[in-house]
Amino acid sequence: IRCQSTSTEEPKTKRNLLDNASNLLTNLLSGGNLGSMPIAEGAVSVLFDRPLFFSLFDWFLQHGSVYKLAFGPKSFVVVSDPIVARYILRENAFSYDKGVLADILEPIMGKGLIPADLDTWKQRRRVIAPGFHSLFLEAMVKIFTDCSDRTISKFDKLFEAEQRHGVDTIELDLEAEFSNLALDIIGLGVFNYDFGSVTKESPVIKAVYGTLFEAEHRSTFYIPYWKLPLARWVVPRQRKFHNDLKVINNCLDGLIRNAKDTRQETDVDKLQQRDYANLKDASLLRFLVDMRGADVDDRQLRDDLMTMLIAGHETTAAVLTWAIFLLAQNPEKMRKAQAEIDSVIGQGRTTFECLKKLEYIRLIVVESLRLYPQPPLLIRRSLKDDVLPGGYNGEKDGYVIPSGTDIFISVYNLHRSPYFWDRPDEFEPERFLVAKPSEGIEGWAGFDPSRSPGAMYPNEIISDFAFLPFGGGPRKCVGDQFALMESTVALAMLLQKFDVELKGSPESVELVTGATIHTKNGLWCKLRKRNNNN
Ligand code: HEM
């Protein structure tokens with residue numbers, strides 16, 4: 001699937017050829033075995049004009065909540081229905097795997113949780129998920145705060161330098177800054193490694209960005225040329241990719257070796273008693289090595305760490321980027337957020353306790369994820385023939401799905417659906433406080449914040465799968481609470497010290513998608529120190 005910047009121009013003749021080829025294939029495929037499912041007859045050129053998820057949205061309004069999209073040599077079923085999404089992700093989850101996504105990510109993540117086959121996944125999920133328990137998360141808040149502090153100190157220094165020249169604002173690409181911050185946090189939280197990327201460059205950091213870049217390239221390129229024999233030696237970008245992977249793998253191997261060599265029974269005792277306050281290294285790697293014994297397979301551990309490094313980095317950076325993009329266009333909401341921060345933390349630091357009180361900031365984070373879900377599409381492939389349930393808009397009988405069908409669950413469509421949200425395109429963090437009844441939609445329980453008591457952040461349960469920021473069912477994100485708390489801390493600490501404005505117009509911020517939605521040229525902002533500061 002190729003999704004590119006909204007501004008990409010393709011020569012006319014090439015477009016016409018692509019359109020013709022696409023229409024021919026659509027016609028050929030329309031007689032296929034997905035029965036009477038509506039077919040989106042999109043021209044391939046559409047994919048060059050703007051990110052794919054925009055077109056999937058238009059076709060959703062035109063063709064309904066389950067339709068077939070045929071382009072290139074492939075066809076996909078696009079799902080924008082909470083009842084069908086719930087069925088695929090939760091009720092019949094093990095009849096589907098990650099399909100195309102696993103093909104793309106396997107060379108990078110090996111048998112990590114995202115691309116893993118079901119047997120490996122079952123075994124590793126059982127081991128990894130308990131690592132994200134509440135006391136681990138509490139210990140992580142200190143890391144989130146320390147790393148955010150480092151970012152803010154960097155901004156402070158830049159600000160002081162500008163002030164010496166009589167300038168009272170600094171201009172920064174906040175997307176790049178959030179990316180560095182998220183990398184530092186994931187390194188320390190998952191394997192106790194300080195990338196220090198907020199303040200420096202290093203070969204490992206360059207390799208991580210190189211690998212992410214390649215993962216994105218692969219997810220937006222039609223032909224998997226990297227699978228061709230010799231490609232890794234002949235194609236320069238593939239050679240670079242394999243070198244980058246080697247650098248990261250060597251780094252991770254060293255950390256794993258070190259964690260195994262330094263395993264101490266006293267630490268294991270502390271972990272067993274959940275005594276995180278007295279642990280020097282509270283990272284997930286420590287937990288995996290200490291609690292599961294030193295004999296855990298190194299290669300598997302490395303795949304697990306690599307998966308979390310990739311899965312937890314760009315996603316969190318993207319949430320922060322879009323939260324600031326939205327707040328900068330809604331200054332009254334930024335002031336409301338700052339008033340909450342002033343009253344909860346004043347000039348102090350964020351702690352686990354104060355996260356509970358930063359309700360508005362938490363809602364800003366989830367509302368940003370509603371408008372800009374990361375990733376905007378969930379990808380599945382059916383492992384056997386199946387029948388989907390009927391959808392919410394009156395389709396009583398569901399469609400037959402043959403084995404091997406590729407499916408996109410469009411989280412973007414669900415999150416912006418006019419059927420489930422009032423003013424779906426507006427940034428309204430407050431919306432999560434108000435229940436929305438199902439309005440007679442059979443099979444959908446409506447939206448009710450009280451359905452998930454004790455949850456700090458709205459989730460897929462309260463919305464009965466109309467809101468899916470972290471997926472749902474057994475393959476739901478393991479790092480969801482980690483990411484939400486991290487984003488809340490980072491946002492609170494930035495807004496505590498600075499007012500933020502966009503440098504250009506909102507329209508000039510162009511979108512690009514790979515695995516996540518990000519900007520084409522960065523999120524350039526003007527930061528002004530708040531005058532409530534010392
Ligand atoms: C899976 C989103 C942060 C680790 C997922 C899925 C989503 C998601 C939607 C489900 C994918 C699917 O069903 O196909 C996000 C977002 C994040 C975030 C929006 C940040 C705001 C993190 C972090 C970590 C992480 C911080 C680790 C520290 C994983 C892993 C999986 C996953 C390992 C695979 C789970 C499995 O298949 O069992 N994430 N994620 N994610 N995420 Fe996250």
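First listed ligand is number 1; within each ligand, the first listed atom is number 1. Only a predicted model underlies this, so the values are computations on that prediction, with no experimental measurement involved.
Using cut-offs of 30° and 60° on the angle between ring planes, the pair Phe57 and Tyr412 is perpendicular. Ring planes of Trp444 and Phe420: perpendicular class, angle over 60° (limits at 30 and 60°).
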Could you give the side-chain donor-acceptor pairs of residues 477-491 under 3.5 Å, partners two or more places apart or in another chain?
{"from": "Asp480", "atom 1": "OD2", "to": "Lys476", "atom 2": "NZ", "distance (Å)": "3.4"}
{"from": "Ser487", "atom 1": "OG", "to": "Ala483", "atom 2": "O", "distance (Å)": "2.7"}
{"from": "Thr488", "atom 1": "OG1", "to": "Tyr457", "atom 2": "OH", "distance (Å)": "2.7"}
{"from": "Thr488", "atom 1": "OG1", "to": "Leu484", "atom 2": "O", "distance (Å)": "2.6"}

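For the salt bridge (Lys or Arg N to Asp or Glu O under 4.0 Å) test, no residue two or more places apart in sequence or in another chain qualifies with Lys98. With sequence neighbours excluded, the residues forming a side chain to side chain donor-acceptor pair (under 3.5 Å) with Glu430 are Lys336, Tyr360, listed by chain and number.
Protein residues with a heavy atom closer than 4.0 Å to ligand 1 are Lys98, Leu113, Ile114, Trp121, Arg125, Phe132, Ile186, Met308, Ala311, Gly312, Thr315, Thr316, Val319, Leu369, Gln374, Pro375, Leu378, Arg380, Pro469, Phe470, Gly471, Arg475, Lys476, Cys477, Val478, Gly479, Phe482, Ala483, listed by chain and number.
A salt bridge links Asp406 with Arg381: the closest approach of a Lys/Arg side-chain nitrogen to an acidic carboxylate oxygen falls below 4.0 angstrom.
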